[in-house]
Amino acid sequence: MSTPAEVEPNQQSTPTEHSGQQIAPTERSERMVAAIEQELSALFRRSRSASLRLARRVHPEMDAAGYALISQIEMGTGNSAGVRASDVAQVLGLDKSTVSRGITQLENLGLIERVGDPDDGRARLLRLTTTGAERYEAMRTQRQTEFRAILDRWNPTDLADLGRLLARLNTDLG
C-alpha cells in the first residue's frame, strides 16, 4: 500500500497501473485517505503515550490529562497574571467539570495555583507555581532537544511542508 508521501497530487486525475491493474481515481483517493487515517491513528497513539511520559517528567503522579492542562495554563499565561479555567476548557475542548478535576490534581501536586484576577476581583486565574514552572521548563527543554534530534535529519523543505500541512489540517479540523 502506498503512503501519502508517495502519491503525487497531479496524478490523482488519471487511472494508475498497480500490479498490472488500472486503479480508478476514486479508488486511489480512498486508498490515500485510508493510508492517511492509518498514519494519523498511529501518530495519535504515540502522542497519548508521549503525553503520559512527559507528564511523568513534570511530576511522577501527573497523568496525561494533567500534561495537557499544565501545558495550556503555561501557554495561556504568557505575560499575563494567569488564565481562566473556562478558557483552558474551551481551548482543549473539555467540559468545565473535567478541567476542574484536573486543576485540583495539579494544585494538590503543587504545580499550579489560583490567584486573583486583577481585572475582576471575583474571578480566579490559574498559573504555574515556581516549582511547576521549573519542572515544566525542564521537561520542555528535554522534549525539544529530543524532537530536534529527530527533525535535524529532515531537509528544510520537508520541515516547511510538514509545518504548513499540519497547520492546514488543524485549521480544517477546528
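Numbers here simply count residues along the sequence, with the first being 1.
- Looking only at side-chain heavy atoms (C-beta outward), S86 and Q90 stay at 4.5 Å or farther from each other.
- When all heavy atoms of P118 and L125 are compared, the closest pair comes out as CD-CD1, 4.0 Å.
- In this structure, Y67 and A55 approach most closely via the heavy-atom pair CB-CB, 3.7 Å.
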**Prompt:** What do the steps show when you test L165 against L169 for side chain to side chain contact (heavy atoms under 4.5 Å, CB included), and what is the final call?
**Reply:** CA-CA 6 Å; L165 293 171; L169 180 61; over 6 Å; no
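- S51 contributes atom OG, which lies 9.5 Å from atom CE of M62 (distance to the nearest 0.5 angstrom).
- Looking at every heavy atom in both residues, W154 comes nearest to D158 through CE3-CB, 4.0 Å.
- What you find for Q105 and E61 is that their closest heavy atoms are NE2-O, 3.1 Å.
- Under the 4.5 Å side-chain heavy-atom criterion for grouping Ile, Leu, Val, Met, Phe, Trp and Tyr, L166 is not connected to L173 through any hydrophobic cluster.
- D161 is listed as a side-chain neighbour of T157, based on a closest heavy-atom distance under 4.5 Å.
- When hydrophobic clusters are built by joining Ile, Leu, Val, Met, Phe, Trp and Tyr residues whose side-chain heavy atoms come closer than 4.5 Å, directly or via intermediates, F147 is not grouped with L43.
- Rounded to the nearest 0.5 Å, atoms CE (M139) and CZ (R57) are 8.0 Å apart.
- Inter-residue side-chain proximity for R31 and R28 is flagged as unmet; no heavy-atom pair is nearer than 4.5 Å.
- Heavy atoms of other residues, nucleotides or ligands lying less than 6.0 angstrom from CD of E37 number 12 at most.
- For the atom pair CZ of R148 and CZ of R143, the computed distance is 10.5 Å after rounding to the nearest 0.5 Å.
- Within 6.0 Å of atom CD in E146, more than 12 heavy atoms from other residues, nucleotides or ligands are found, so the atom counts as buried in its surroundings.
- Between R140 and E74, at least one side-chain N (NZ, or NE/NH1/NH2) sits under 4.0 Å from a carboxylate O, which counts as a salt bridge.
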**Full working for side chain to side chain donor-acceptor pair (under 3.5 Å) between S49 and R45** = CA-CA 6 Å; S49 177; R45 283 191 307 275; over 6 Å; no
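- Distance check: L106 CG to L126 CG gives 9.0 Å after rounding to the nearest 0.5 Å.
- Residues I36 and F44 share a hydrophobic cluster, clusters being chains of Ile/Leu/Val/Met/Phe/Trp/Tyr side chains in contact below 4.5 Å.
- Linking Ile, Leu, Val, Met, Phe, Trp and Tyr residues whenever their side-chain heavy atoms come within less than 4.5 Å places I103 and L94 in a single cluster.
- Looking at T145, its side chain does come within 3.5 Å of a backbone N or O of T141 through a donor-acceptor pair.
- Residues L128 and Y136 approach most closely at CD1-CB, 4.3 Å, considering heavy atoms.
- Neither L92 nor L52 shares a network with the other; the hydrophobic side chains, linked directly or stepwise wherever heavy atoms of I, L, V, M, F, W or Y lie under 4.5 Å apart, form separate groups for each.
- For the pair R127 and G82, the tightest heavy-atom approach, listed with the atom from each and the gap, is CB-CA, 4.3 Å.
- Rounded to the nearest 0.5 angstrom, R124 CZ and E113 CD are separated by 9.0 Å.
- Interatomic distance, OG1 of T131 versus CD1 of I112, reported as 13.0 Å (0.5 Å rounding).
- Contact check for H59 versus R135: side-chain heavy atoms found under the 4.5 Å cut-off.
- The pair R84-D117 meets the salt-bridge criterion, since a charged nitrogen lies less than 4.0 angstrom from a carboxylate oxygen.
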